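Everything on this sheet refers to the single structure shown next.
Side chains included, hydrogens not; waters and symmetry mates left out as well; all remaining heavy atoms used. Since this is a predicted model, take the numbers as computed values, not measurements.
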Amino acid sequence: MAQTLDLGSRVELVSMDPHFDDISIALYSPDDSGSPCYQVHTYSHLPGAAERVAGVADAMQILGGMEQTSDGLLRFPCGHAHLLAVKRLFLEACKLPPEQPIEPRPLHIFDKKANATIAVASLGQGLYEARATEQTPGVDRRVTTIARGLIRLGEMEEVADQPNQVRFGCGHSHDALIGLLLVRAPNVRAAVREAEAMASRGVLSAPSSQE
């Protein structure tokens with residue numbers, strides 16, 4: 001008989017994995033009394049499904065600077081949940097083809113609207129500042145837009161009187177996570193629509209439906 005598992009609260013869902021037979025993969029937050037942890041899981045019993053899930057978990061560690069606990073769960077070294085950021089991290093990890101080499105994203109992007117490179121510098125204790133590497137028409141406005149995008153995607157904090165600065169509430173640096181979020185920060189609305197579409201293409205089904 002097919003059974004579901006008590007995995008805690010579901011955080012995010014990719015209902016059809018384009019890189020592995022359209023199986024459903026989800027991110028869960030197991031209920032425990034310790035620091036927030038996460039688990040990547042699929043109910044599929046297809047050969048290779050477990051390896052695919054392990055690959056997604058590995059990608060989340062590389063792309064987001066997460067670490068694996070002794071019982072195989074994922075967490076941020078700071079011990080905080082960073083819930084919105086981990087949702088984006090999971091979705092981005094699932095989008096990568098398994099055969100593609102994975103490296104942390106750089107802390108700079110080329111912004112087409114500003115026709116300039118915009119970088120994000122770590123100032124320590126979870127504080128970051130977006131900066132343009134060259135002056136072009138409208139670049140200052142775009143730098144502020146990208147900083148706002150980071151706030152929304154990563155649930156970061158505003159810094160008073162510093163529109164180009166953002167801060168992680170945990171007070172710890174998360175360079176890899178910033179690099180990942182920076183890619184989506186210039187167009188937050190598109191990132192949100194994409195996440196909604198990925199989750200709405202189906203539901204995470206029980207084992208009997210994914211054999």
Query raised in the report: Run the side chain to side chain contact (heavy atoms under 4.5 Å, CB included) check on Met66 and Val86 step by step: do they pass?
Result: CA-CA 9 Å; Met66 301 191 80; Val86 82; 4.0 Å; yes

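The side-chain contact (heavy atoms from CB on, under 4.5 Å) test with Asp111 is passed by exactly one of Thr145, Ile118, Thr117: Ile118. For the side-chain contact (heavy atoms from CB on, under 4.5 Å) with Val53, the lone residue among Thr42, Asp17, Asp58 that qualifies is Thr42.
Using a 4.5 Å cut-off on side-chain heavy atoms (C-beta onward), Leu27 and Lys87 make no contact. Taking 4.5 Å as the limit, some side-chain heavy atom of Met60 sits within range of a side-chain heavy atom of Val40. By the 4.5 Å heavy-atom criterion applied to side chains, Glu12 and Leu91 are counted as neighbours. Looking at heavy atoms from C-beta onward, Arg75 lies in side-chain contact with Glu67 at the 4.5 angstrom threshold. Ile178 places none of its side-chain heavy atoms less than 4.5 Å from the side chain of Arg105.
Among all heavy-atom pairs drawn from Leu7 and Tyr43, the shortest one is CD1-OH, 4.3 Å. Across every non-hydrogen atom of Ala26 and Leu13, the tightest pair is CB-CD1, 4.1 Å. Contact detail for Phe90 and Ile25: the closest heavy-atom pair is CZ-O, 3.5 Å. For the residue pair Thr136 and Asn115, the shortest heavy atom distance occurs at CG2-O, 3.6 Å. Here the closest non-hydrogen pair linking Leu153 and Leu181 is CD1-O, 3.7 Å. Contact between Arg52 and Cys94 at its shortest, heavy atoms only, is NH2-O, 2.9 Å.
Linking Ile, Leu, Val, Met, Phe, Trp and Tyr whenever their side-chain heavy atoms come within less than 4.5 Å leaves Leu180 and Val183 in two separate clusters. No continuous path of hydrophobic side-chain contacts links Leu107 to Leu123 [ILVMFWY only; heavy atoms under 4.5 Å]. Under the 4.5 Å side-chain heavy-atom criterion for grouping Ile, Leu, Val, Met, Phe, Trp and Tyr, Val11 is connected to Leu89 within one hydrophobic cluster. If you chain together hydrophobic residues whose side chains sit under 4.5 Å apart, Met156 and Leu127 never meet in one group. Side-chain heavy atoms closer than 4.5 Å link hydrophobic residues (I, L, V, M, F, W, Y) into clusters, and following such links, even through other members, never connects Ile146 to Leu84.
Checked by atom type, the side-chain pair Ser173/Asp175 shows no donor-acceptor distance below 3.5 Å. With no hydrogens or angles considered, no side-chain donor-acceptor pair links His80 and His172 at under 3.5 Å.
Atom CD of Glu99 is surrounded by more than 12 heavy atoms from other residues, nucleotides or ligands within 6.0 Å.
A donor-acceptor contact shorter than 3.5 Å links the side chain of Tyr38 to the backbone of Ala81. When atom types are taken as modelled, the side chain of His174 and the backbone of Gly126 share no donor-acceptor pair closer than 3.5 angstrom.
In this structure, the separation between OG1 on Thr144 and CD on Gln165 is 11.0 Å, given to the nearest 0.5 Å. Distance check: Glu158 CD to Ile151 CD1 gives 4.5 Å after rounding to the nearest 0.5 Å. Interatomic distance, Ser44 OG to Phe20 CZ, rounded to the nearest 0.5 Å: 6.5 Å. Distance check: Phe168 CZ to Gln125 CD gives 14.5 Å after rounding to the nearest 0.5 Å. Atom CD of Gln61 is separated from atom CG of Leu74 by 5.5 Å, given to the nearest 0.5 angstrom. One distance of note links NE2 of His19 with CG of Asp21; it measures 12.5 Å at 0.5 Å rounding.
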